[in-house]
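Have a look at the structure below before the remarks.
Proteins get letters first, then strands, A, B, ... in listed order; numbering begins at 1 in each.
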Protein chains: 2
Amino acid sequence: MKKKILIHDIAKHLDVSIATVSLVLNGKAKEMRISDTLADRVQQYTASVGYKPNQLAKSLRTGKTNVIGLMVEDIANPFFATVARLIEKKALARGYHIIYCSTNNDPAKAQGLLTMFQERHVDGYILALPEGVGSEVSSLVRSGKPVVLFDRMLPDVSANAVVVDGATGMYEATQHLLTQGFKNIALVSLQSEQQQMLARRQGYLQALQEQNLPALVHTVDYTQEPEQVVSQIQAFFQANPSCNAVLFATNYLGVHGLEALNRLGRSIPKHMAVVSFDDSNLSRLYSPPITVVAQPIEAMAENIIVTLLTALGDPLKSTSVTQLLLTPHLLIRESSIRFKP
Amino acid sequence: MKKKILIHDIAKHLDVSIATVSLVLNGKAKEMRISDTLADRVQQYTASVGYKPNQLAKSLRTGKTNVIGLMVEDIANPFFATVARLIEKKALARGYHIIYCSTNNDPAKAQGLLTMFQERHVDGYILALPEGVGSEVSSLVRSGKPVVLFDRMLPDVSANAVVVDGATGMYEATQHLLTQGFKNIALVSLQSEQQQMLARRQGYLQALQEQNLPALVHTVDYTQEPEQVVSQIQAFFQANPSCNAVLFATNYLGVHGLEALNRLGRSIPKHMAVVSFDDSNLSRLYSPPITVVAQPIEAMAENIIVTLLTALGDPLKSTSVTQLLLTPHLLIRESSIRFKP
DNA sequence: CTGAAAGCGCTTACAG
DNA sequence: CTGAAAGCGCTTACAG
């Protein structure tokens, strides 16, 4: 770590003005008709001494930080972790860095983090938010800041969004179970009015309705301890002995649901057919392997970052809102195939 | 989003000098003997208008950003994701924010990210690094920046570190298998000279040596595609038919190793006893549940953040280096219990 | 107790 | 083509 070298030092050494150095470094040499010879000398020298402009000063002056704020529900959730990793990679390739935060689905925390992002002057926002922060996001969007919602939209908020068509995903998953001959299909979902949860439930309900079959929905309070969640799901299965197929609306529920079935000694798919939302190592390697509605994570990440960069590109064009609905795909595995003894 | 309000605005409105406002806001009112009455007025007013100082300007001036750079191998790896979430939470409670990055174990990428952290003027560094960046880290430490290495140390680098005693963890795991009566125990590890990998292997070797039993180590090239990793492990098992117990040195290897055993139709623990490093949902819920060497993640996160904050507190005390070796614990599950027909 | 002023390190009109 | 100067928004000696 040598002493930090400043633009002033390099200007002095090269015997040119600070402006010249700055202009060259910011690619405005041509524009300002600085001679190629001089520009080259500046480039050479700055590279040789490894000069790095102070980003703080630069940001203060230009109002740009090259930082994107990314808010997820829980960074330790494999779905969000994978999206985060892909976004980070793609953003980095475009010169942007990512600050992550987990909201844990707490609106107060999400609000605090939103404020923090503003204080840090992030250039753009990528958000998977809990309910109850609609007005904050609306004013953020109105202020002209590039915002992309993902995983879930917010009711009454007109912002860019990249989400998966959970309704169709669940509709197809339910139809698949029906085709297999199951008639008593339950849905285990969250006690949440989040848009993506409603959509998933909606797909399930529609498929059953079309066949005039009864629905059976159990919602779990996710603020409880994991242990409680498991026993709650256990109790639900015990209270509904005729139910022989179940859809878990999130991978979080899938994990705890499998544990519950385990404890009850119900074998899959013999006693209970299972489909979960989100693919994972667990689903793939479980015995039997679990059928899942897989989200197109790579495509989500790509679309999120492209949408955000577009908005960053023309801040004035913020009047037009892009909302993308990506199609998930059903990965059929053993857990949902009708058991033939 | 109203117009951004500045310290100048509030000074004018209160008819005091900018300095007064700044001093009060930074808790130096007493020190500068500003009257309580005035101080209160300032507090009241700034709170009422929701004034937030521009962090960029503040940082430029003070040289402090309240940002900590966290570098992990892969944020989508459950171990690192969990550590990251805990660190984020604990840091936030102390007023620090986290920037994460994944190195993917690539020294060039790690080096680039290190430079980026410096450009962003992070106040402190929390690093799980690949091999080959020792000199960069050494000069960082020498420059007086607070650094905490975790998960793995770097050879010849004298820096704060919080790591798990993998040697003991693996030693105990191997002993457990020996106690169960297994004599042909293999280790599947990574083609890597990273310190924590060497330690884990070392624990395994020592346990076998004490019993005069032969070791059987297979190392996997982790830069390959997942599919290749699986088939490589498969081939290893096929080439060593007498091997009836295996230790996987990371959860990444555990996942692929289970897949390999699956494909070979080897049942656990009947044909092959299994122990993996790192606990996970998969290990817990697998059939049979997998015995693991679990890292004390919560304790790691706490010690990391405390060590870093201590270093941030007295930058001069950077002469003393804290290196913590935490003890992992063996969670014995069915996968390693000698099969009794 | 308080105000005027320098300075953190940069970018960018503006005038030559 | 290039230089002097203002200004991004703050903090903090320094002088009163």
ask   = In whole Å, what separates the C1' atom of D/dG16 from that of D/dT12?
value = 16 Å
message = Less than 4.0 angstrom between a side-chain N/O of B/Ser17 and OP1 or OP2 of C/dG3, yes or no?
response = yes
query = To the nearest 0.5 Å, what is the distance between CE (A/Met116) and NE2 (B/His97)?
reply = 4.5 Å
key: Short side-chain N/O contact from A/Tyr51 to OP1 or OP2 of C/dG9, under 4.0 Å   = no
query = Got a donor-acceptor contact below 3.5 angstrom from the B/Asp123 side chain to the B/Lys64 backbone?
reply = no
inquiry  = Nearest to the side chain of A/Ala57, heavy atoms from C-beta on, is which of C/dT11, C/dT2, C/dG9?
reply    = C/dG9
inquiry  = Closest approach to the side chain of B/Leu38, judged atom by atom: which nucleotide of D/dC10, C/dT2, C/dG9 is it?
reply    = C/dT2
remark   = To the nearest 0.5 Å, atom CG of A/Leu25 lies from atom NZ of A/Lys52 at 10.5 Å
request  = Give a yes or no on whether the backbone of B/His121 and the side-chain of B/Thr65 come within a donor-acceptor separation of less than 3.5 Å.
outcome  = yes
query = Which whole number of Å gives the distance between the P atom of C/dC14 and that of C/dC10?
reply = 23 Å
remark   = From CD1 of B/Ile10 across to P of D/dT11 the rounded distance in Å is 11 Å
note = B/Asp9 CG to D/dG9 P, in whole Å, measures 10 Å
query = Tell me: NZ of A/Lys58 to C1' of D/dG7, nearest whole Å?
reply = 17 Å
task = Name all residues meeting the side-chain contact (heavy atoms from CB on, under 4.5 Å) criterion together with A/Leu325; count only those two or more places apart in sequence or in a different chain, and write none if there are none.
result = A/Val163, A/Asp165
note = Rounded to whole Å, CG of B/Leu25 lies from P of D/dT11 at a distance of 7 Å
task = Assess whether side-chain hydrogen bond (donor to acceptor under 3.5 Å, both in side chains) is satisfied between B/Gln194 and B/Asn105, documenting all intermediate values.
result = CA-CA 10 Å; B/Gln194 289 176 40; B/Asn105 256 333; 3.1 Å; yes
task = Using a 3.5 Å limit on both pairing distances, list the dot-bracket string of DNA chain C from the 5' end; Watson-Crick and G-U wobble pairs count, crossing pairs take [ ], interstrand pairs take |.
result = |||.||||||||.|||
query = Any donor and acceptor pair, going by atom type alone, linking the side chain of B/Arg94 with main-chain N or O of B/Leu309 inside 3.5 Å?
reply = no
Can you check nucleotides 12-16 of chain D for protein contacts, nitrogen or oxygen pairs under 3.5 Å, and list what you find?
{"from": "D/dT12", "atom 1": "OP2", "to": "B/Lys28", "atom 2": "NZ", "distance (Å)": "3.1"}

B/Ile34 CD1 - D/dT11 C1' separation (whole Å) = 13 Å
inquiry  = I want to check something: taking the side chain as every heavy atom from C-beta on, are A/Leu308 and A/Tyr96 in contact at a cut-off of under 4.5 Å?
reply    = no
message = Distance check needed: C/dG3 P versus B/Leu14 CG, whole Å only.
response = 11 Å
note = To the nearest angstrom, the NZ-P distance between A/Lys12 and D/dA4 comes to 13 Å
message = Could you measure the distance from the CZ atom of A/Phe79 to the CG atom of A/Asp74? Nearest 0.5 Å is fine.
response = 12.5 Å
B/Ser22 vs B/Ile7 side-chain heavy atoms within contact, under 4.5 Å = yes
message = If I take atom CG in residue A/Leu56 and atom C1' in nucleotide C/dG9, what distance separates them, rounded to the nearest angstrom?
response = 9 Å
ask   = So what does B/Leu6 hit on the nucleic acid, given a heavy-atom distance under 4.0 Å: a base, only sugar-phosphate, or nothing?
value = sugar-phosphate
